[in-house]
Amino acid sequence: MNNTNSTVTQIIETCERLYNDLDFSYVKNWKQTHAGKAVGFMPIYVPREIVHAAGMLPVGLMGAGDLLEIIKGDAYFQSYICQIPRSTIEMAISNRLDCFDGMLFPAICDVIRNLSGMWKLMFPEKYARYMDFPQNFRPEVGGEYYHQELIILLKDMATLSGAKVTQDQLRQSVRLYNENRAVIRELYDLRSADPHLVPTYELYLIMRASNILEVSEHTAMVRDYLGAVRSEKRPERDNIRVVLSGVFCEQPPLALIRALENSGCFIVEDDWVLGARYLLKAVATEGDPLENLAAAYLKDTVKTASRYEEDGAKGSYLIDLVEKTRAEGVIFAAPSFCDPALLERPMQQEALKRADIPYTSFKYSESSGQFQVIKEQTGTFADSIKLWGSV
Amino acid sequence: MDCYIGIDLGSTTSKAIYMDPDGNLLGRGITNSRSNYHLACEIAEEEAENNSRFAMLEKDICSDPQCKGKSADIMAWILSKYKLAEHKAQLDALREICFKDIDSWQDPLAASLYREITGKIFTGMEEATTALFQPGAVMKSDFFRDIATGQFMELAQEQIREHMEKISFERLIGVFDKGIIRVESVSFARAFQENIDFAYRQIKDLPDFAPFADKIHAAVKTASQQVFNIKSKVGTGYGRQRLPFEKSQIRSEILCHGLGAHYMFPKTRTVLDIGGQDTKAIQVDAQGIVKNFQMNDRCAAGCGRYLGYVADEMNMGVHELGPTALKATKVVRINSTCTVFAGAELRQRLSLGEKREDILAGLHRAIILRAMSLLARSGGVRNEFTFTGGVAKNRAATKALRKLVDENYGKLKINISPDSIFTGACGAALFARS
Amino acid sequence: MGNSSSGKVQKERSMLLQKVMIANHFKKLSTAHADNKKVVYTFVPGNLNELIRAFDMLPVHPEINALQSAMRKKSAGYIREAEKYGHSEDVCTYVKCDVGMLKSGNIGPTGEKLPEPDLLLLSYTGCFTFLKWFEILRQEYDCPVVVLQVPYQGDGEITPEMTAYVAKQLREEVVPVMEKISGNKLDEEKLRRLLDSSARAESDLVEILESARHKPSPIDAYFGGVYYIGPIFTAFRGLETCEEYYRVLRSEVEDRLKKGQGPITPEGPLNEEKYRLVVEGPPNWTSFREFWKMFHEESAVVVASSYTKVGGIYDTGFRHNSAEPFESLAKYCLGCYTNLNLPSRIDLLEKYIRDYSADGFLINSIKSCNSFSAGQLLILRELEDRTGKPGGFIESDLVDPRYFSAANIKNRLESYFQMLDSRIQEASVN
C-alpha cells in the first residue's frame, strides 16, 4: 500500500475497503509478512507506541457499525446498554477477532471496563488487560502511577511478542507516532481552512484507517491524500461550520456521517477516532520514553468526557475549539445509553448558552438504520444559522 | 365422567382444556379475552365443555360402521349448523341491545331514522349468515366480535353512501361498539342442548343424512346428556393474578408452557413461546419440569404486540404480515428492533424503494433474533425444540426461526403444533390432574 | 439504609438506635454551618468516614439522599426536574434525582435543608458516573473538589502499586485539602482510634451477615441487609454509636438464631423459610417494601447479597487497621464490591451460593447502574454453569419509578419460585 501519488479516489477506496472489512485481512496479512502479532484496543486512547515498539500491530476497534447483524451479542447485554460491546462480542464469538493476540480495554466507562472482565472469562487463552488511566494529573502522584502502568504494559507486550524492547525502539515508535499526529493535525488544519476540499466522509475514513494501518503507512497515506486533495478542483458549498462532539466511542454509521454533511454542515472539528489525536503535542524523544509518554498524558491532551476536568472550567475547551475553527455552532451527537457523553452534555450546553453559541443535539446507535429525522434536524439547524445566525 | 380443567387467561385470548383422568384431552375452548376476566374464563371453559361433547359425538358417529364414509360429512354439517345457531343467538341479542340504545335517544326523529337503518344492516347481516356457516367454509375468525364487526362495517358503509347527508358513520359505529361490548358480557355457550337440537333438525331431513337420522339423534342425545364431574381446576396466564382461583390452583405460565409442550411433544427440551405481551424461553427436563427460563426484558420488541405495531404502521392486518413476508426475494436488515424507532426505519426503507415484502421479511427476522438472544440467555436451544404462542402460527416467523436455529445450533427437530395456542392450558390441566 | 416507612412494624432496639443515629446526623447537618462545622459531600463506596470524622467534619452522601427521596416517593419529580435541565433519560437516576433535589431547594430526608458542601470529596471508586456527578455538582457549588482515584481491580488483585497510589493521594492530596478546610492539622491519634472502632464494628457485622449460613437464616441479607449495612457504610463508621449499634444488632441476631427464628420483615417475622437465595445487584428503592413483600409472600429469604458489599467486603477478611492508617484506608477503597472485576464478582457470588446453601440466585438488573449491570448476563450463565443452581433475572431501577413494573416483576418472581419449587420437589423424589 506504499504506492505514492495515489489519487483521492484510490485512497478513499482503500480506506473504504479497510472500513468494510470485518475480517481484518489487513491485520492477517501484516501478521504474516512481519511474522508478528496484533493487539486490539477499545476507544479512546492507549499508548500505541508501546505495542508498536514491541513489534506488534496496535489496532483500534470501534464496533461493527451497521455492517454486522447482531445475532449472539444481544444475549450478553440488557436493552439499556449501548451497542458497541454487543458488536465487539459478536465479532469475537464469530471468530472475526481471532487474529488479535491481545486486547486492551482503556478506562472510558463502566461498560467497557466490565467488558474487559467478560473477555477474560470468555477468551481465557487471549491476553486481555484493563488499563486504568490517571485522573490525578500531578506528575509525582498520577504521573508516577501511570508510569508504573506503562512499565507493566511494556513488560506484558514484550512477553506477548517474545521480543525484548529497547529504549531506542520505544523512541523510534514515539517518533513515528509524533509524525503521524503531525500529519493528522495538518489534515485537520486543511479541513478547517478549506472544508469543501476535505469532505467529512473522506476525512472520517482516513481517520478510521489510522485504527488499522501500521503507523508509518498511515502517515504516508495522509501525506498522499493531502497532496492529492490540494490539487483537486472541488466546488465550494454554502454550508455552516460546526463542531461535532460526543462521538468518541461508539461510532455513527457511515451513512449518518454523510447525511450530516449533506444536510448543510461542514464538520470542522470532531472527536471521533480521538485516540489518534489525544496527545496534542509531540512526545519528547529524549530521555526515558515511558516517562515521556506518561508526562504527555498528564498535560497537553484533548479534553473529553472520560477524563476528569480539574480546573472546573467545563466547556471552555469546546468553546476554544469553536473559536479556533471559526465554527458557527455545535452538534452534540451521542450514542444512546452512553454515560460519559450524555452526562457531559448538559454541562457543555450550559457553557455554550452562556457563550451564545448555538447547538443542537441527537442520539444515535452504530447500527441505526434511520436518520431521516436527524438529517432534518441538522438541516434546520444549518438553515436557521444561515438565515439568522442563531437558532 | 371425571375431568380436569386447565385455563390459560391470555392477554388477547383465553383458553380452556378439559382432560380425563388418564391425561387424554377431551376438548378445548377459546375466546377473545375481555376486561371481565371472570367471564372470559367462564366462556372458554364452556367452549371447552361443548368441544368435549362434540368430540364425543364425533367419536360416536365415526366409530359407527353404519356411518362409514359419511361421518366426516355429517360432522361438518352438524358443526356448521351448530355454529350458525350460536351466531344467530348472539346476533339477535346484539340487535336487541342496539335498538334499545337507539330508543333511549332524546331526539325521536334521529332515533327513528337510525333504528330503520340499523335494522336494515342487521337484516343484511342475518341474510349473509347462512352463507357464512356453510359446511367447510373458511372463516377469517372464529370470534363473533370479529365476524360481526366486519359485516357491520361493510353494510354501514353501504348505508352511508345512500343516506350521506342524513346520518353519521361515527354515530352508527358508536351504536355498534356499545352493543358489542354488552353482548360480550353475556355467555351464549351454555345453550349446547338447544343449539345441537337446532343443528340436528336442520340436517335430519336432508336426503344425504336422512338414512342416519336415528343414529345421529342417539349420539346427539348421549353427548348432550354427558355429565362432567370436575375434580380440579388450575389457572395460568397473563391475567392469572385475577383468576377467581385459590393460590394453590394457580401456576405460572412458565411451568404450564413447559409441561404443556412436554405433553404435546414428549421429547421437548427447549420451548419458545412468543405471545402478545411477552416472549419466553424455557428449558425443560425429560419430565417436562422447568429447569431454566428467561423472559423478554422491558423492551417489547420481540413480542406479538410489535407485529401489531408494524401492521398498523404498514396499514395492513396482522394476519397479512406473514404471507406477505413469505413473498420476499431478499431480507432487508432491520436494525431498530426498538418499537419506537421501527416505524421511522420502516418509512425510511420504503422511501428508499425497498419492497414491502422484503422489509417485512427483515422484521420477522429481527423479532426472531430477539427470541434467539432470550434462548441463548436461558441456556440455548436443545433437541427437540418446540415453538408455541400466537406468533408460531406466522409462517414467516417460523421460517426465520428454522434458519437461525439451523445456523446457530445445527439441525434440530422443531415442533410447531397447530394447537400450540393451547399449550399453556394443557399444562394447567396436567397440573390440575397431578 | 433508610427509615422504614409506615405500617405496624416489629421494632427491635437496633432499629430504633439506627433511627436515632440518622435523625441526629441530619439534625447536626441542618445546623452545621451555624455550628461552624464543615461539610463534606462524598460517595458511599470507598468513603473515608474515619478521615472526615478525624477532622470533625460531617459527611453527606448524595446516593443516600437519592434513595431516601425514592423511599419518600419524591424521586419521580426530582428526576423530571433534572431531565428538564437537559439530562438524558438514558443516564443514572441517582444523579438526576440528586440534581433535581438540588434544584428544588436541597431538602433532606428529615425535611430540613441540607447544608452546602465545604468540600466535594470525589472518591472515584468502582463507578465512572461518580466522576461526572461531581463535575455536575461542582457547577452548582463554589467549593473545592478533591479527587481520590481508586484504580480498578482489572486483573482481580490489589497490587502494592495500587495501594501506594491511593495512599499517596490520601497523604498528598486529600489530607492537605481537609487540613485547609477544617483549619486543623490531622490528629493521627484520633484517626487511629476511629479506625480501631471501625474494625470492631466490622467484625460484628461479619458475624451478623454470616449468621445467614444457618437454616433457617435469622436475617434477610438483602432487604434486611440494606438496613444492617446502613451505619457502617455511611456517616457512622468509626463512631462509638456505630459500634454500639452493631453490638446490639449482633446480640439480637444471635438471640433469634438460638431460638431458631427467621428474619423480621415489615410484614412480620418470617419463620417458615422456603427458599434460600443469593441476590446480585442493588435493590429498587421506589417500591422497596412492595419488592420485599414479593419475597416474603413466597417465604423466600435472601441469605447473601453483593449489594451489601458495595461499601466494603469484610467477610473475606479485610478490616480497617490503625497500624497502617493510610494503607488500610487505601485497601478498603480498592476492595469494595463495585471495584472488583467481573471474574472476581462471579467467584464471590459462587462462594456465597455454596457457603450459604442457596437454592438459587437472582439478579436484579438495574437500568441506572452500568457498573453493576454490564456483564450480568454473563454472570448469570457462569453461575448457573458452575453451581447448577437456577438463576432468575429481573429488571428495575434504583430510584426511577417508571422502571419498576410491579406486575412484571411479580410475574417473573412467581415463575422463578414455582420453578425452584418443582426442582426442589423433583430433587427430593430422586
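Here is how names work: the chains are called A, B, and so on, in the same order as the sequence lines, proteins then strands, and each is numbered from 1. Computed from heavy atoms alone, side chains included, the values below leave out hydrogens, waters and symmetry copies.
Neither the backbone nor the side chain of C:L148 comes within contact range of chain A; no heavy atoms are under 4.5 Å apart. Neither the backbone nor the side chain of A:P85 comes within contact range of chain C; no heavy atom of the residue lies under 4.5 Å from a heavy atom of that chain. In this structure, the portion of C:Y85 lying under 4.5 Å from any heavy atom of chain A is its backbone and not its side chain. Contacts between C:T159 and chain A at a heavy-atom distance below 4.5 Å are absent for every atom of the residue. Only the side chain of A:Q148 comes within less than 4.5 Å of a heavy atom in chain C; its backbone stays farther off. For A:F133, the part sitting under 4.5 Å from any heavy atom of chain C is the backbone (N, CA, C, O) and nothing else. Interface remark: A:M131 contributes no atoms to any contact with chain C (heavy atom separation under 4.5 Å). Residue contact with chain C, scored on non-hydrogen atoms closer than 4.5 Å, involves the backbone and the side chain of A:A305 alike. Interface residue C:L122: only side-chain heavy atoms are found under 4.5 Å from chain A. A:S361 does not touch chain C: none of its heavy atoms, backbone or side chain, sits under 4.5 Å away. Interface remark: A:I81 contributes side-chain atoms only to the contact with chain C (heavy atom separation under 4.5 Å). Interface remark: C:I366 contributes backbone atoms only to the contact with chain A (heavy atom separation under 4.5 Å). Heavy-atom distances place the side chain of C:F393, and not its backbone, under 4.5 Å from chain A.
Ion pairing between A:E309 and C:R138 fails under the 4.0 Å rule for side-chain N and carboxylate O.
No other option in C:H87, C:Q149, C:K168 has as many heavy-atom pairs under 4.5 Å with chain A as C:Q149. Note: C:S365 leads C:C92, C:G126, C:S365, C:G86 in heavy-atom pairs under 4.5 Å with chain A. Among the candidates C:Q169, C:M162, C:K96, the residue making the largest number of heavy-atom pairs closer than 4.5 Å to chain A is C:Q169. Among the candidates C:S344, C:C369, C:S371, C:G375, the residue making the largest number of heavy-atom pairs closer than 4.5 Å to chain A is C:S371. The candidate from C:N341, C:V95, C:L131 with the greatest count of non-hydrogen atom pairs under 4.5 Å with chain A is C:L131. Contact tally against chain A (heavy-atom pairs below 4.5 Å) for C:E89, C:E382, C:R381: the top residue is C:R381.
C:E161 places no side-chain N or O within donor-acceptor distance of the main-chain N or O of A:Y145, the cut-off being under 3.5 Å. Although no hydrogens or angles enter the test, the distance criterion places no donor-acceptor pair under 3.5 Å between the side chain of C:D400 and the main chain of C:T93. A distance-only check finds no donor-acceptor pair linking the side chain of C:T125 to the backbone of C:V150 [under 3.5 Å].
Heavy atoms from other residues, nucleotides or ligands lying under 6.0 Å from CZ of C:R386 number more than 12.
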